[in-house]
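Since the structure comes first, as C-alpha cells, the remarks are kept for the end.
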Amino acid sequence: MKAAILTSPQPVTRRPLGIVEMADPKPQPGHVLLRVRSCGVCRTDLHVVEGELPPKQPQMIPGHQIVGEVVGGATKEIPLGSRVGVSWLGGTDGSCSYCRRGLENLCDSPTFTGYSVPGGYAECALARADFVFPLPDALDDLHAAPLLCAGIIGFRSLRVAGVEPGERVGLFGFGASAHLAIAVLRAWQCEVYVSTRGESHQKLARSLGATWVGSETERPPVELDRAITFAPSGDVVIAALASLRKGGVVAINAIHLDRIPQFDYDGLLWGERQLRSVANMTRADARDFLALAAQIDLKPKVTVFSLDQANEALLAVKNDAVDGAAVIVP
Ligand SMILES: [Zn+2]
Ligand SMILES: [Zn+2]
C-alpha cells in the first residue's frame, strides 16, 4: 500500500512525511482491516508531525479521522464491505480505574490512532473492532471524515463546558472543530459569539449563523455562559476567561498549549468561574455525536488533498489556510 510516513518529527515546512510503498498491515485478532476511503487532517496530526507530542514509535503513519471500508477481520456487527469511522481513541485497557468509572477518555493505557498505532494517511489501516463506529448512509465519505475527531471532540467540549440550550456560548478560534460545534449550538438554539483571526474564518462564522463575530483580540459584547477555545494559545484561554459571567466555564479544546500566562485570579477566576481541559473522547461521545450529525444533516466544509499532498495538507492547517476541514483521499 501507499502511505505517508513520519520518521523524524520536524517543522512541517521541511516536509517531514515521506510518501512510500510498504506492506499492507498484517491482520490481527480483534481488529478489522480497512481500505481507507478518506482521512481528515487534525491539528493534533500537526503536533505529532512537528514533535510537540513526543514520538511513541520510531516511525508513524499519522491520521485519526478515518472513513474506511471493512475488507478483513469482519464480524457479525461489522460485516465485510461496511463503512466505519475510526477516531483518535484507538483502544483502552478496559480495566483501569478510569475505564471502570466510565471515563475511558482518561484511560491509563490508551492507544491513539496515528500516534501510538498507525493511522489513516495510507491506503489501508488496521483498527480495533470494538473502537470503530458504523457510519449512517446520510454521512458520505468526504463529509464524515472531519466529524470523527474535530466533530466528536468539539461535541465533547460542549459537554465539558456544560452548555445548556439557549445559552450564550463563545467560540475562540474558528477552524475545523469550531465550524462543526457551531452547527450543534445552533441546533440547540444557542447564541454563538466567535472571536477568530482571518477574514475568511470570520466570514464563514457569519454564514453559519454566529450572532457576533470579532477578531481574535476582540471581546464579545456580552458576558458569556460558556466558552470553548480551540487555538493552541494560552493568551486565547485568558481572553475567553475574561469574557465569562460568574459561574461560567471555559473548556480548552487543545491537546497542547504554548503556555498559560500569569493572570489575575481576583478578576478572572473568582466568582466560581471554571477552567477545564478536554481530553480525548469516549465511544459514547462518538455514537451520540454521529447520530446527531446525521439528524441535523451536518455537512462540514471540506478541502480535499491527495495522499501525495499530505505535507501540504498539514501546512495548510498550520497556516489556517483551510476554511473548514482538510481531508486526504488516498
Ligand atoms: Zn483504562
Ligand atoms: Zn484530532
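Just so you know, ligand 1 is whichever comes first in the structure, and atom 1 is the first atom listed for that ligand. Note that the structure is a prediction, hence the values are computed from the model and not measured.
- Within a radius of less than 2.8 Å around the Zn ion (ligand 1), the protein N, O or S atoms are D93 OD1, C96 SG, C99 SG, C107 SG.
- A donor-acceptor pair is defined here as one N or O able to donate and one able to accept, closer than 3.5 Å; such a pair exists between the side chain of D225 and the backbone of R168.
- When only modelled atom types and interatomic distance are considered, D141 and S38 share no side-chain donor-acceptor pair under 3.5 Å.
- Annotation: cation-pi geometry not satisfied between R287 and F133 (NZ/CZ under 6.0 angstrom from ring centroid, within 45° of ring axis).
- When all heavy atoms of M1 and P25 are compared, the closest pair comes out as SD-CD, 3.8 Å.
- Angle SG (C149) to the Zn ion (ligand 2) to NE2 (H64): 110°, rounded to 10°.
- Two different hydrophobic clusters hold M281 and V86 under the rule that ILVMFWY side chains link at heavy-atom gaps under 4.5 Å.
- In this structure, W88 and F112 have parallel ring planes: the angle between them is below the 30° cut-off, well short of the 60° mark.
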